[in-house]
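Notes for the one structure printed next.
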Amino acid sequence: MGANSFVDLWDNHIRYTISGGSLIIESISYNLTDTSMGETISSNTISGSVMDAYGRTISETKANIANWYQYHRKRSYVTKGAVASVINNSPSFKYALSVINNKNQLFKEVPDSVLMPPYTAHNNDIVQDLLKFDWPASGTPLRQGLELAGRYFDHDLTINPDTGSSMDDPIVDSCQQNFTVLFTDGYWNGNDPNNLIADADGDSINLSIADVAKYYYDQDLSSLDNDVPANLFDSANHQHMVTFTVAFGLKGLLLDSNSNGWPNNADGTEKTGSDNWGDPFCSDCPEKIDDLWHAAFNSKGTFVSASTPED
């Protein structure tokens, strides 16, 4: 990744080539002019038990390349791995799953039969269906995708778009807490969500992702008695949706100057939900990533800009 924070054809990089029992490591750099792009390659060959610059043997490097090819060479693979990791590492939660496109091919609900832990069988089914899903390239309608999750929790979505069957209400307990994790590898686009969402956070910008998150945080999503326990981060005691947003390798314009997880205004004060977080109604612009940050803030969630599959 170069100085502009994007991967370009002319960025310096390292190429690994496995040849029998040897590893060829080539460091490639470019000398750019107005009319040409000169290439410089310096090469080093290691063999036996010699370590490379990252402390890996040849066998470990082979395994690393194989793992990348199997699990990480496509962004959809990374997304699948990230979702599976969330589910597998936190098995005490009940999970539902959808994709922002092709929801009529993959929408996994939580049936009423899944009431008490362990949820192993249900969660494993979700992971397997996701891993088998043929994920075509398409647009990025994140606003409608998050709205779909909110409608599901609100039981406003009663027919499964995948199977066409009736769906159970996912909120089955008055003290149940409800979370959505929204993964994206790009800037959002697509059609508007419901106009009722409007300018839910009061920042004078209508129908952003931040508005969708705020709307379903404020909305009472259940007719059950409201006794959701408040906690250090979330004082609301009605049934609501907390949104976590994860962007893959993308960053916005806002900065967190005091490392508390949230951006600051120019004068150093903390931003509020109704402050100016930038106008995300632009084409493939970093303000759309700041809108994801804003959405997490509005719903007492967390925003993560992940630069590696492990992040």
Side-chain angles (χ1 to χ4, degrees), residues 1-32 37-93 95 97 99 106 108 118-138 181-186 244-251 289 302-311:
M1 185 176 293
N4 62 357
S5 297
F6 290 97
V7 176
D8 299 306
L9 292 175
W10 52 85
D11 287 340
N12 298 345
H13 62 278
I14 296 175
R15 180 166 60 205
Y16 290 83
T17 304
I18 302 292
S19 177
S22 300
L23 173 66
I24 303 171
I25 305 174
E26 296 171 296
S27 178
I28 303 171
S29 59
Y30 297 96
N31 180 27
L32 299 177
M37 185 171 67
E39 181 182 73
T40 301
I41 301 177
S42 60
S43 179
N44 180 37
T45 300
I46 64 174
S47 60
S49 60
V50 179
M51 299 284 189
D52 68 8
Y54 299 97
R56 290 187 290 252
T57 65
I58 292 177
S59 295
E60 290 170 335
T61 299
K62 287 181 178 180
N64 188 53
I65 293 172
N67 286 334
W68 169 83
Y69 184 83
Q70 179 70 25
Y71 301 112
H72 298 149
R73 76 180 190 274
K74 294 183 178 181
R75 288 177 292 180
S76 62
Y77 291 2
V78 176
T79 307
K80 289 179 177 181
V83 173
S85 179
V86 168
I87 294 175
N88 292 333
N89 290 327
S90 300
S92 59
F93 290 89
Y95 293 94
L97 174 72
V99 288
L106 185 65
K108 304 295 291 184
Y119 308 119
T120 307
H122 170 71
N123 292 345
N124 284 345
D125 286 345
I126 284 183
V127 170
Q128 292 306 312
D129 284 347
L130 174 63
L131 295 179
K132 292 185 294 186
F133 180 62
D134 184 9
W135 209 333
S138 193
V181 186
L182 178 66
F183 292 89
T184 180
D185 66 353
F244 293 81
T245 51
V246 182
F248 287 4
L250 298 170
K251 295 184 179 180
I289 305 304
T302 300
F303 166 70
V304 177
S305 178
S307 58
T308 69
E310 289 73 20
D311 286 345

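Worth knowing before you read on, the calculation uses all heavy atoms, side chains too, and leaves out hydrogens, waters and symmetry mates. Computed from a prediction, not measured in an experiment: that's the story for all the values here.
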### Query
Can you list the steps and then say if Q128 with F133 is a side chain to side chain contact (heavy atoms under 4.5 Å, CB included)?
CA-CA 9 Å; Q128 292 306 312; F133 180 62; over 6 Å; no
#### Entry: R75 atom CZ: more than 12 heavy-atom contacts under 6.0 Å
no
### Query
Would one find more than 12 heavy atoms of other residues, nucleotides or ligands at under 6.0 Å from atom OH of Y16?
yes
### Query
Distance from S22 atom OG to I58 atom CD1, nearest 0.5 Å?
5.5 Å
Quick one, [X] and [Y] - any side-chain contact, counting heavy atoms below 4.5 Å?
X    : Y    : result
N88  : V127 : yes
L106 : L97  : yes
Y95  : V86  : yes
D11  : Y30  : no
F303 : I289 : yes

### Task
Show your reasoning for whether side chain to side chain contact (heavy atoms under 4.5 Å, CB included) applies to T17 and E26.
CA-CA 8 Å; T17 304; E26 296 171 296; 4.2 Å; yes
#### Entry: Residues D129, K108; criterion salt bridge (charged side-chain N to carboxylate O under 4.0 Å, His left out); working and verdict
CA-CA 9 Å; D129 284 347; K108 304 295 291 184; 2.6 Å; yes
### Query
Has the side chain of N123 got a donor or acceptor atom that lies under 3.5 Å from a matching backbone atom of S92?
no
